[in-house]
Amino acid sequence: MLRIWVLLLCVGFCFAQKSEIEVIHEFQKELNEEFSDVKKSPLTEEDRAQFKGLDFYPINEKLIIEAIFEKAKKEMPFKMKTSTDRTPMYVKFGTLHFEIEGKPFRLNVYQNIELSKKTEFKDYLFLPFSDITCGKETYIGGRYIDMRIPNSDKVIINFNKAYNPYCAYNHKYSCPIVPLENDLDIAIEAGVKKFHD
């Protein structure tokens with residue numbers, strides 16, 4: 001009886017503690033399901049009819065990175081530029097400091113003011129970035145990563161979960177433009193590639 005209880009406890013713990021690789025596979029699966037769903041897909045009707053799956057880079061474990069989170073202090077909300085005339089209000093929430101191949105980098109993370117008022121998004125953070133692959137292998141306008149407000153000063157940036165804004169697939173959408181300070185002088189070969197050549 002005790003052994004069964006311990007086994008059940010172990011199984012429950014294992015399900016709760018997913019590896020980053022499992023998280024990436026789940027992310028890719030959910031993204032493809034969303035793009036195939038007529039009610040959720042950002043694709044045009046023509047593209048959705050031919051859709052067989054997004055093009056992802058091979059999973060790159062070197063781009064699952066531990067970063068130091070530095071919370072911003074007394075930042076003023078600002079109007080973030082988008083691909084249209086829409087200017088949603090954001091605030092810089094903090095900065096992520098990390099290294100790739102021994103080189104130091106930093107990215108700012110932002111919080112959408114209106115979105116943060118909704119219970120399910122109150123701890124949601126927005127991490128937009130661009131890099132050397134933009135316009136070549138990835139969307140020219142950069143990519144996004146979803147994050148949550150961290151509980152400590154150490155966070156994981158999983159670039160394998162980088163995805164394109166909806167306007168990369170359909171011009172009817174309005175998407176935030178990656179701020180210049182979030183342009184990385186390195187090729188981030190992970191996550192979703194561009195949709196069309």
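What you see is a predicted model, and the numbers here were worked out from it, not measured in a lab.
- With hydrogens and angles disregarded, a donor-acceptor distance shorter than 3.5 Å links the side chain of Arg143 to the backbone of Val192.
- Between Asp146 and Lys161, every side-chain heavy-atom pair lies at or beyond the 4.5 Å cut-off.
- Residues Asp183 and Cys134 form no side-chain contact, since every pair of their non-hydrogen atoms from C-beta on lies 4.5 Å or further apart.
- The NZ atom of Lys62 lies 11.0 Å from the CD atom of Glu189; values are rounded to the nearest 0.5 Å.
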Test side-chain contact (heavy atoms from CB on, under 4.5 Å) on Lys71 and Phe93; report intermediate values, then the result.
CA-CA 6 Å; Lys71 193 175 187 310; Phe93 193 85; 3.8 Å; yes
Glu114 vs Lys117, salt bridge (charged side-chain N to carboxylate O under 4.0 Å, His left out): CA-CA, chis, key distance, verdict:
CA-CA 6 Å; Glu114 282 303 312; Lys117 294 176 182 177; 3.1 Å; yes
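- Within 6.0 Å of CZ on Arg106 lie no more than 12 heavy atoms contributed by other residues, nucleotides or ligands.
- A donor atom on one side chain and an acceptor atom on the other are found under 3.5 Å apart for Asn164 and Tyr169.
- For the pair Phe195 and Phe51, the minimum side-chain heavy-atom distance is below 4.5 Å.
- Under the 4.5 Å side-chain criterion, counting only non-hydrogen atoms from C-beta, Ile149 is in contact with Gln111.
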Quick one, Ile65 with Phe159, criterion side-chain contact (heavy atoms from CB on, under 4.5 Å). Give me CA distance, side-chain angles, the key distance, then yes/no.
CA-CA 8 Å; Ile65 294 167; Phe159 284 105; 3.9 Å; yes
As a quick check of understanding, evaluate side-chain contact (heavy atoms from CB on, under 4.5 Å) for Met76 and Val91, giving each step before the final call.
CA-CA 6 Å; Met76 295 295 294; Val91 65; over 6 Å; no
Mind running side-chain contact (heavy atoms from CB on, under 4.5 Å) on Asn170 and Leu43 for me, showing each step along the way?
CA-CA 6 Å; Asn170 194 326; Leu43 299 176; over 6 Å; no
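- Counting only distance, with no hydrogens or angles, the side chain of Lys193 and the backbone of Tyr57 share no donor-acceptor pair below 3.5 Å.
- Looking at heavy atoms from C-beta onward, Phe56 lies out of side-chain contact with Ile24 at the 4.5 angstrom threshold.
- No donor-acceptor contact under 3.5 angstrom links the side chains of Ser41 and Arg48, judged on distance only.
- If you run ring pair (Phe, Tyr, Trp, His ring centres under 6.0 Å) between Tyr144 and each of Tyr110, Phe126, Tyr124, only Phe126 comes through.
- How far CG of Leu127 is from CG of Asn158: 11.5 Å, rounded to the nearest 0.5 Å.
- Between the side chain of Thr87 and the backbone N or O of Lys79 there is no donor-acceptor pair closer than 3.5 Å.
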